Visitor: 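Let me give you the structure first, and then I'll get to my questions.
Keep in mind the model is a prediction, meaning the values are calculated, not measured.
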There are 2 protein chains.
Amino acid sequence: MGITIQNIADLAKVSKGTVSRVINGAPGVGAETRKRILKLIEELDYQPNASAQGLASRRSYNIGVIIPHTGSYSMSTTYWPTLLTAITEKAASQDYNVLLSTARSEEDVDSAYRSILKGKRVDGLIVGAEQFGEKQLAKLLLKDFPFVMVGKSTAFSHYYVDVDNVGGARRMTEYLISLGHRKITMLAGPEILPSVQSRVRGFQEAMTKAQLDPGRVIYTTYQAEDAEKTALQILREDPPTALFVAAADLVLGALEAARKLKIRIPEQLALVTFDDHPFYPYLSPSITAVKQPIHELGRAAVEMLFALMAKKPVEKKEILPVEIIVRGSSQPGDAMK
Amino acid sequence: MGITIQNIADLAKVSKGTVSRVINGAPGVGAETRKRILKLIEELDYQPNASAQGLASRRSYNIGVIIPHTGSYSMSTTYWPTLLTAITEKAASQDYNVLLSTARSEEDVDSAYRSILKGKRVDGLIVGAEQFGEKQLAKLLLKDFPFVMVGKSTAFSHYYVDVDNVGGARRMTEYLISLGHRKITMLAGPEILPSVQSRVRGFQEAMTKAQLDPGRVIYTTYQAEDAEKTALQILREDPPTALFVAAADLVLGALEAARKLKIRIPEQLALVTFDDHPFYPYLSPSITAVKQPIHELGRAAVEMLFALMAKKPVEKKEILPVEIIVRGSSQPGDAMK
DNA sequence: CTGAAAGCGCTAACAC
DNA sequence: GTGTTAGCGCTTTCAG
């Protein structure tokens with residue numbers, strides 16, 4: 001059936017060992033011999049059997065990625081798909097493939113963990129931090145298995161890459177203050193999430209620094225209905241002049257709430273958010289957002305992982321800067337154009 | 001280091017062969033023995049080494065997926081991420097993992113093809129049809145390698161799943177006609193793509209059936225700038241009363257063109273599109289669209305692939321029905337709400 | 001119902 | 001520089 005290293009060796013009149021050296025770019029093969037073997041490999045379109053290589057060398061040349069299940073349900077952010085693309089691309093540049101698992105529930109996380117790690121299918125792992133339970137994390141740490149998290153974990157301190165949540169929230173808040181807003185409310189995700197905590201911190205730092213009331217923070221879940229209900233509550237009971245929607249999953253809910261209460265944005269309420277989206281320029285009003293460098297984040301994760309796998313010294317974390325994109329939803333002047 | 005089948009065998013006082021049978025759920029093991037072995041496996045958290053299994057059994061329990069690179073550049077559709085999720089989920093339900101490759105250019109396709117297929121890393125392949133060149137396809141066919149395409153290929157006739165492009169376009173056109181539109185233009189993607197051809201066909205069928213002028217079709221590329229330029233041209237030179245934007249990648253360009261020409265939607269122009277998006281309800285106006293069953297498509301692809309891998313008889317194609325979602329962009333009455 | 005043994009295709013250590 | 005050889009951990013006949 002398939003052509004093997006032995007076939008190549010026979011045809012080249014050398015031993016398997018020599019062919020193996022050529023395949024792996026190892027030294028100790030004569031230039032002539034090497035050329036001859038390479039030619040044969042090319043001609044026969046020979047591809048070494050990955051299982052055999054893996055078994056013998058204990059390396060799979062795969063990395064695993066565990067991210068949340070991104071069905072059509074919650075595609076209000078391009079975060080995970082974009083991240084995944086960046087990871088895959090960067091991995092490919094180092095001849096690594098990506099083995100994917102998506103997790104919808106706590107349970108899924110565990111099965112994803114098992115299936116992807118099962119039998120050394122991967123040499124390293126990139127994991128959406130919020131996706132990971134303490135049990136699995138502990139196991140990985142125990143085994144000294146190379147992995148990096150995207151986003152800070154709730155549980156452990158480990159190698160991770162993240163965006164500057166604190167700085168982004170702070171700067172966005174400062175921007176709102178500079179527009180004259182004094183009463184600002186933050187609609188935030190679940191309080192236990194580190195990303196949420198960071199964004200809240202940035203928000204409060206800016207408010208405090210401006211000697212304003214520390215600002216009201218209302219937590220909610222990432223469920224669309226919850227977000228809307230909470231937003232309705234905020235806007236009905238104690239409406240601020242600016243609403244900082246601290247995550248993409250909450251944006252549509254907030255917009256819907258404003259629409260229902262016939263609150264016009266930005267005239268009656270400035271609305272800004274964290275995490276940009278290609279559609280934001282086309283919503284009406286267009287949405288002001290903190291833009292995260294998602295591609296860079298993915299690349300950084302892969303680089304960190306490879307360094308870890310190579311047992312090179314690595315910084316425990318890498319925090320990437322974000323950008324404020326000002327659009328109509330925060331600027332009364334522009335909204336009418 | 002890792003715990004092996006031999007360890008289990010020793011502890012259970014049986015041979016490797018028996019343990020292997022248990023692992024694979026093969027018959028011919030006494031109930032007692034089986035139970036004892038399973039208990040040991042559980043206790044020791046034993047996971048068979050995938051490479052060794054792969055080498056011995058010639059199966060990897062991975063399927064490969066090659067889809068276009070979906071960076072932040074073109075995230076105006078949730079098609080690929082959603083499809084990927086559906087595939088991964090369905091595969092996981094059968095204990096298969098997904099090995100991912102994304103391709104940005106023609107060249108990438110080839111390297112993706114090589115790297116993913118390299119050395120039997122996968123037992124089957126799901127491929128975004130438009131992503132695949134004839135050379136690679138021919139090779140796969142030649143090797144009799146199990147693969148299914150998502151979408152119809154330009155090149156060959158092979159197993160594929162797709163949505164009902166013809167029917168969707170036809171029904172959407174009929175809907176526009178029922179609203180009283182007589183002059184309808186379709187802004188379509190590259191003419192060589194089968195999906196584009198099908199949508200054009202559905203459009204023209206409906207126009208002809210209604211005894212209308214067959215309708216104008218203008219082709220463009222999926223580049224945002226091209227789409228906008230082409231839309232501008234249509235709307236400036238010979239504006240229809242309804243514009244059928246036949247792909248998601250063209251929508252933002254069309255909207256931008258209308259905005260620049262100060263053409264109000266839906267009052268002066270009805271705009272509808274193919275492929276729904278979670279943001280469409282929130283654009284202003286909200287967008288009427290043909291909704292594709294992307295999750296089902298992904299599941300169907302996996303099912304077809306597994307049938308192929310099992311050498312079961314399979315229909316050469318499976319076409320899934322689509323749905324028309326009516327929103328503001330096609331209904332003057334609603335647009336003001 | 002279970003054991004023994006021959007590979008699967010490759011790597012890597014050790015000879016020469 | 002190149003060949004030889006012993007595994008890597010599992011599956012799968014073939015005996016018994």
Visitor: Find which nucleotide of DNA chain D each of A/V29 and A/K16 is nearest to by heavy atoms, and output the residue with the more 5' nucleotide.
Guide: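 The 5'-side residue here is A/V29.
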Visitor: Can you tell me the distance, in whole Å, between the NZ atom of A/K35 and the C1' atom of D/dG1?
Guide: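 After rounding, the gap between these two atoms is 17 Å.
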Visitor: Quickly, which of B/I23, B/L40, B/I37 forms a side-chain contact (heavy atoms from CB on, under 4.5 Å) with B/Y46? Name it, please.
Guide: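 Answer to the side-chain contact (heavy atoms from CB on, under 4.5 Å) test with B/Y46 among B/I23, B/L40, B/I37: B/I23.
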Visitor: A/V148 and side-chain contact (heavy atoms from CB on, under 4.5 Å): which partner among A/L308, A/V127, A/I63, A/V314?
Guide: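 The single option meeting the side-chain contact (heavy atoms from CB on, under 4.5 Å) with A/V148 is A/L308.
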Visitor: For D/dT2, take OP1 and OP2 only and decide whether either is under 4.0 Å from a side-chain N or O of A/T33.
Guide: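 Yes, A/T33 has a side-chain N/O under 4.0 Å of OP1/OP2 on D/dT2.
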Visitor: Counting any heavy atom closer than 4.0 Å, what does B/G30 reach on the DNA or RNA strands: base, sugar-phosphate only, or nothing?
Guide: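 Contact class for B/G30: sugar-phosphate only.
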Visitor: B/A52 has a side chain; which of D/dG9, C/dA12, C/dG9 sits nearest to it?
Guide: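 My answer, after comparing the listed nucleotides, is D/dG9.
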Visitor: Are OP1 or OP2 of D/dT11 and a side-chain N or O of B/Q53 less than 4.0 angstrom apart?
Guide: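 It does, given that an N or O in the side chain of B/Q53 lies less than 4.0 Å from OP1 or OP2 of D/dT11.
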Visitor: Indicate, yes or no, whether a donor-acceptor pair under 3.5 Å links the base of D/dG9 to the side chain of A/R58.
Guide: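 No, the side chain and the base share no sub-3.5 Å donor-acceptor pair.
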Visitor: A/I5 CD1 to D/dT4 P: how many Å, rounded?
Guide: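 About 14 Å, once rounded to whole Å.
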Visitor: Starting the side chain at C-beta, find the nucleotide from C/dG3, C/dG9, D/dT11 nearest to B/V14.
Guide: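 Of all the options, the side chain of B/V14 is nearest to C/dG3.
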Visitor: Can you check whether A/Y46 has a side-chain N or O nearer than 4.0 Å to OP1 or OP2 of C/dC10?
Guide: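 Yes, within the criterion.
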Visitor: So, applying side-chain contact (heavy atoms from CB on, under 4.5 Å) with B/P146, which one of B/L125, B/L305, B/D123 is it?
Guide: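 With B/P146 as partner, B/L125, B/L305, B/D123 yield a single side-chain contact (heavy atoms from CB on, under 4.5 Å), made by B/L305.
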Visitor: From NZ of A/K120 over to P of D/dC10, roughly how many Å is that when rounded to an integer?
Guide: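 Distance, rounded to whole Å: 9 Å.
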Visitor: Among the nucleotides D/dG9, C/dC10, D/dT4, which one has an atom lying closest to any side-chain atom of A/T4?
Guide: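 Minimum distance to the A/T4 side chain belongs to C/dC10.
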Visitor: Identify which nucleotide among D/dC10, D/dT2, D/dC8 has an atom closest to any side-chain atom of A/T18, counting heavy atoms from C-beta outward.
Guide: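 Selected nucleotide: D/dT2.
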Visitor: For B/R21 and C/dG3, give me the distance from atom CZ to atom P, rounded to whole Å.
Guide: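 Spelled out: CZ on B/R21 to P on C/dG3 is 8 Å.
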Visitor: Tell me the interatomic distance from A/K13, atom NZ, to D/dT4, atom P, rounded to whole angstroms.
Guide: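 Roughly 14 Å, once rounded to whole Å.
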Visitor: Name the residue closer to the 5' end of DNA chain C, choosing between B/G17 and B/S57 according to the nucleotide with the nearest heavy atom.
Guide: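 Nearer the 5' end of the strand: B/G17.
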Visitor: Write down the distance between CD1 (B/I3) and C1' (D/dC8), rounded to a whole number of angstrom.
Guide: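 These atoms are roughly 16 Å apart.
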Visitor: For atom NZ of B/K316, is the number of surrounding heavy atoms from other residues, nucleotides or ligands below 6.0 Å larger than 12?
Guide: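 Buried by this count: over 12 neighbours within 6.0 Å.
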Visitor: Looking at the base of D/dG1, is there any donor atom on it, or on the side chain of A/R34, that sits under 3.5 Å from an acceptor on the other one?
Guide: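 Counting by modelled atom types and ignoring angles, no donor-acceptor contact under 3.5 Å is found here.
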Visitor: From CD of A/Q6 over to P of C/dT11, roughly how many Å is that when rounded to an integer?
Guide: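 So the CD-P distance, A/Q6 to C/dT11, works out to 13 Å.
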Visitor: Side chain of A/L55 only, heavy atoms from C-beta on: which candidate in D/dG9, D/dA6, C/dT2 is closest?
Guide: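 For the A/L55 side chain, the nearest candidate turns out to be D/dG9.
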Visitor: Among A/T33, A/V29, A/I8, A/V22, which residue satisfies the side-chain contact (heavy atoms from CB on, under 4.5 Å) criterion with A/V14?
Guide: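 Running side-chain contact (heavy atoms from CB on, under 4.5 Å) over A/T33, A/V29, A/I8, A/V22 with A/V14 returns exactly one hit, A/T33.
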Visitor: Could you check how far CG of A/N49 sits from P of C/dT11, rounded to whole Å?
Guide: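 Roughly 10 Å, once rounded to whole Å.
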